[in-house]
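Reading through the structure tokens given below for one structure.
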Amino acid sequence: MDMSLAVKETKELQQEVRKLLKQRNAVMLAHNYQRDEIQEIADLGGDSLALAQQAADTESDTILFCGVHFMAESAAILAPKKTVLLPRLEAGCPMADMITADKLRQRKKEIGSDVPIVTYVNSSAEVKAESDICCTSANALAVVNSLPQDKVFFTPDMNLAKYIQRHTDKKVDYWKGFCPTHHLLTANTIMEMKQQHHNAKVVAHPECQPEVLDIADHITSTSGMYKYCKSEAAQKFIIATEDGILYRLRKENPEKHFYIATVEMICPNMKVTTLEDVYDALVDIKHVITVPDKIREKAKRALDRMLAVPRDQ
Ligand code: 13P
Ligand code: SF4
């Protein structure tokens with residue numbers, strides 16, 4: 001297709017989406033890994049924590065969630081009276097699928113009831129319901145440190161658990177889950193990138209392996225990356241997270257240079273949602289995400305406890 005025609009069609013579709021959002025009194029939330037044309041028109045773009053906070057606080061009737069299933073589910077848990085829409089039902093999170101409520105219940109029997117379960121929001125509502133408190137990458141350390149016990153069990157991301165272990169005096173045991181997108185990145189790849197881009201700062205998401213975090217200049221959530229790259233004097237940055245982050249980094253810092261650590265860092269689940277899907281979701285009111293009350297109430301307790309802890313980055 002002619003490029004200018006494609007751009008025109010995208011702009012028109014974006015305008016249609018904005019019109020529908022107004023008609024439906026809907027708020028559009030987009031995670032920092034979503035496609036550029038989706039991030040461009042969202043009411044709020046952010047990391048998992050900011051989006052969960054917004055879902056809990058919104059006055060809109062409908063929350064259109066452009067992200068993956070666990071994020072929309074968290075919105076449905078926090079805002080049960082709102083209609084929460086996820087444009088593509090199959091947008092899941094393989095890390096979240098690495099643990100089930102049954103498996104966690106089994107493990108809890110071995111761990112004992114005096115060790116709190118800290119669950120990364122990248123998890124199902126059922127798993128959250130089995131947990132004492134949730135966290136995101138923006139408050140994981142603060143959440144663990146807020147607990148009175150000196151031992152915790154962390155699910156499902158082992159890389160985030162290992163990162164926390166390095167920065168807390170508490171003992172952190174963990175479930176052996178991981179994010180396939182972040183886990184594939186190696187320290188060698190980062191070293192090669194550093195050779196190509198002299199003086200570039202390495203910014204990594206804590207879902208990366210410890211060998212990558214060891215050589216990072218800064219470790220933070222996706223929104224933490226915006227703050228860091230804006231405030232740092234450096235002109236070049238090697239970014240160790242999903243490539244959707246580049247959209248806003250480049251927009252907010254046109255004079256700086258951003259290099260994704262490897263072009264393989266694409267989360268297929270985050271990219272499955274297109275602008276057409278977003279439009280269809282608003283026309284057909286789909287797909288409505290709900291959580292059964294019994295699970296929702298327990299999962300909400302774990303999320304509310306998390307929201308009471310200030311973010312650490
Ligand atoms: P953030 O909460 O840092 O945005 O991360 C979410 C996520 O899924 C990372 O892979
Ligand atoms: Fe899940 Fe990884 Fe995709 Fe984040 S990037 S949604 S952790 S698979």
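When a ligand or atom number is given, it counts from 1 through the structure's own listing order. Predicted, not measured: the structure shown is a model, and the values here were computed from it. Below, each value reflects all heavy atoms present in this structure, side chains not excepted, and no hydrogens, waters or symmetry copies.
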Part of [X] within contact of ligand 1 (heavy atoms, under 4.0 Å):
X	result
N122	side chain
T222	both
E242	neither

Check: S137 N/O within less than 3.5 Å of ligand 1 N/O = yes

Would you check the N or O atoms of N32, main chain and side chain alike, for any that come under 3.5 Å of an N or O of ligand 1?
-> no

Would you indicate whether K236, at its atom NZ, is surrounded by more than 12 heavy atoms from other residues, nucleotides or ligands within a distance under 6.0 Å?
->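 Enclosed: over 12 neighbouring heavy atoms sit under 6.0 Å from NZ of K236.
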
Decide if atom CG of N25 counts as having more than 12 heavy atoms of other residues, nucleotides or ligands within a radius under 6.0 Å.
-> yes

Atoms of ligand 1 close to [X] [distance to a heavy atom under 4.0 angstrom, numbered from 1]:
X	value
H205	1 (P), 3 (O), 5 (O), 9 (C)
S221	3 (O)
Y33	7 (C), 9 (C), 10 (O)
D47	1 (P), 2 (O), 4 (O)
H31	1 (P), 4 (O), 5 (O), 6 (C)

Decide whether Y33 and T241 meet the rule of one side-chain donor and one side-chain acceptor closer than 3.5 Å.
-> yes

Side chains of T222 and N32: is there a donor and an acceptor less than 3.5 Å apart?
->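 Yes, side-chain donor-acceptor contact under 3.5 Å.
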
Would you call [X] and [Y] a salt bridge, using N to O less than 4.0 angstrom?
X	Y	result
D277	K286	no
D293	R296	yes
D150	K170	no
K271	E242	yes
K11	E16	no
D214	R166	yes
E12	K8	yes

Is the NZ or CZ atom of R107 positioned over F153's six-membered ring, under 6.0 angstrom from the centre and within 45° of the axis?
-> no

Relative to the heavy atoms of E207, which atoms of ligand 2 are at a distance of less than 4.0 Å?
->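 Matching atoms, with element in brackets: 2 (Fe), 7 (S).
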
Within a distance under 2.8 Å of atom 1 (Fe) of ligand 2, the protein atoms of type N, O or S are C93 SG

Hey, is M270 one of the residues with a heavy atom under 4.0 angstrom from ligand 1?
->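 It does not, in that no heavy atom of M270 comes within the 4.0 Å cut-off of ligand 1.
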
Identify the protein heavy atom lying closest to atom 6 (C) of ligand 1, giving its residue, its atom name and the separation to 0.1 Å.
-> S48 OG, 3.3 Å

How far is atom 9 (C) of ligand 1 from its nearest protein heavy atom, and which residue and atom is that?
->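 Here the nearest protein heavy atom works out to E207 OE2, 3.0 Å.
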
Ring centroid separation for F178 and H182, is it under 6.0 angstrom?
-> no

